[in-house]
Amino acid sequence: MPNSGNKVETLRWNKDHLEMIDQRLLPVEFEYVSCDSAASVAESIRTMVVRGAPAIGVAAAYGVALEARRMRHAARLAFNDAMNSGFELLATSRPTAVNLFWALERMKHLWQSFGEASFEAIASRLLDEAHTMLEEDILINRAMGAYGAALLPDGARVLTHCNAGALATAGHGTALGVFRSAIEAGKRISVIADETRPFLQGARLTAWEMVQEKIPVTLITDNMSGHLMRRGEIDAVVVGTDRVAANGDVANKIGTYMVAVLAHRHGIPFYVACPLSTIDLSIPSGDGIPIEERDPDEVKGYRDCRWAPEGVSIRNPAFDVTPAELVTGLITEKGIVGNDVLKAGGLAEWVLQHS
Ligand code: MRU
């Protein structure tokens, strides 16, 4: 399995198993977790070893391939049962990122096209497909990066929320891919990463990625962006997304909506880097996007550190929805979907024309 020149290998195939950077430990420790079944990949997605919509999709594809490989010497009934429960486990690992369901659908369609082929052949073909999806994701991110880079002026100070970087994808990243591509194009871009409470993807992951590559980055807490915007210290916002509804409403990490409202208030462009696989035309508006509620412990503290009292009532919605009207543009691998298209309800038609 080739490494496509990625500096950060979020997921990699090693002989007979999948390895993924354990993102729960970054930036303090850098370790890979090994997976050899659909169940172990589903558990890694659920517990956020791997996270970020495109990375979850690619990991799930490998989970299907691993299950076929694990069961390739079994009888037909056992093979089919294991595959079906593997799909089920993966599909219930996290609800919001539509890339997960997109990837599972693609793998299931392929599996069902094999007829009476040997399980060995099926396992090998599914693994090839997972490799292809990994490679495709990097190419898509590079294409998005090129379109997005053109939107950023030289010297731009760009805020991002959560981590939509190489760690959230197979490589290069979506929002952070835009920054990488802008820098490759010779633009002087500096990044403002907000912490992204409660799981701290901004502080732990975005800051880590940027520091690794010596891309100028300043870390702020989530409640500082309004102050910086008011003082004219932020020129643009670029974030990723887990699911975009047919009307252009954008689900992304909790806190994105606050940033979008602030950006609108201050006339700052708010872009969403969004591969076409993240657009879910089956959901008419953001109201229909399933929002994951995660373990209250994530709000009480992080790892061994606790700051809230036992017994306190807690909410932990992991995503929010930003209405399309606040989105300046969706940066896709096929070009930019402008606010005018979103406002006119033209996203579905745009996607059909560009798919
Ligand atoms: O809960 P996470 O860390 O999986 O949330 C990730 C995000 O919200 C990202 O912005 C989104 O998945 C896009 S990643 C390219």
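Whatever order the structure lists them in is the order used to number ligands and atoms, beginning at 1. Atom set for the values below is all heavy atoms of this structure, side chains included, hydrogens, waters and symmetry mates excluded.
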Numbering the atoms of ligand 1 from 1, which are under 4.0 Å from a heavy atom of [X]?
{"X": "Met48", "answer": "1 (O)"}
{"X": "Cys162", "answer": "5 (O), 6 (C), 7 (C), 8 (O)"}
{"X": "Asp242", "answer": "6 (C), 7 (C), 8 (O), 9 (C), 11 (C), 12 (O)"}
{"X": "Thr241", "answer": "11 (C), 13 (C)"}
{"X": "Ala164", "answer": "14 (S), 15 (C)"}
{"X": "Pro54", "answer": "14 (S), 15 (C)"}
{"X": "Ala53", "answer": "12 (O), 14 (S)"}

I need the nearest protein heavy-atom contact for [atom]: residue, atom name and distance, please.
{"atom": "atom 4 (O) of ligand 1", "answer": "Arg94 NH1, 2.8 Å"}
{"atom": "atom 10 (O) of ligand 1", "answer": "Asn252 OD1, 2.6 Å"}
{"atom": "atom 5 (O) of ligand 1", "answer": "Lys253 CE, 3.3 Å"}
{"atom": "atom 14 (S) of ligand 1", "answer": "Ala168 CB, 3.5 Å"}
{"atom": "atom 15 (C) of ligand 1", "answer": "Thr174 OG1, 3.1 Å"}

Measure the distances from the heavy atoms of [X] to every atom of ligand 1 and state whether one is below 4.0 angstrom.
{"X": "Phe319", "answer": "yes"}
{"X": "Glu292", "answer": "no"}
{"X": "Ala97", "answer": "no"}
{"X": "Ala318", "answer": "no"}
{"X": "Val239", "answer": "no"}

What is the ring orientation for [X] with [Y], classed by angle as parallel under 30°, tilted 30 to 60°, or perpendicular over 60°?
{"X": "Phe87", "Y": "Trp111", "value": "parallel"}
{"X": "Phe30", "Y": "Tyr32", "value": "perpendicular"}
{"X": "Trp13", "Y": "His131", "value": "perpendicular"}

Does a side-chain heavy-atom distance below 4.5 Å link [X] with [Y]?
{"X": "Cys35", "Y": "His17", "result": "no"}
{"X": "Tyr62", "Y": "Leu126", "result": "no"}
{"X": "Arg315", "Y": "Glu293", "result": "yes"}
{"X": "Arg69", "Y": "Asp16", "result": "yes"}
{"X": "Ser181", "Y": "His172", "result": "yes"}

Side chain or backbone, does Gly240 bring an N or O within less than 3.5 Å of an N or O on ligand 1? no
Please answer whether the main-chain N or O of Asp194 pairs with a side-chain N or O of Thr196 as donor and acceptor at a distance below 3.5 Å. yes
Option passing side-chain contact (heavy atoms from CB on, under 4.5 Å) with Phe319 (candidates Ile289, Ile291, Val250): Ile291
Only one of Ile220, Thr221, Asn223 passes side-chain contact (heavy atoms from CB on, under 4.5 Å) with Glu195; say which it is.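 Result: among Ile220, Thr221, Asn223, Thr221 is the only option passing the side-chain contact (heavy atoms from CB on, under 4.5 Å) with Glu195.
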Structural part of His161 in contact with ligand 1, heavy atom criterion under 4.0 angstrom: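 Near ligand 1, His161 shows nothing, with every heavy atom at 4.0 Å or more.
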Under 4.0 Å from ligand 1, counting heavy atoms only, is it the side chain of Gln201, its backbone, both or neither? side chain
Tell me whether Phe79 is reachable from Leu104 by hopping between hydrophobic residues (I, L, V, M, F, W, Y) whose side-chain heavy atoms are closer than 4.5 Å.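 Linked within one cluster.
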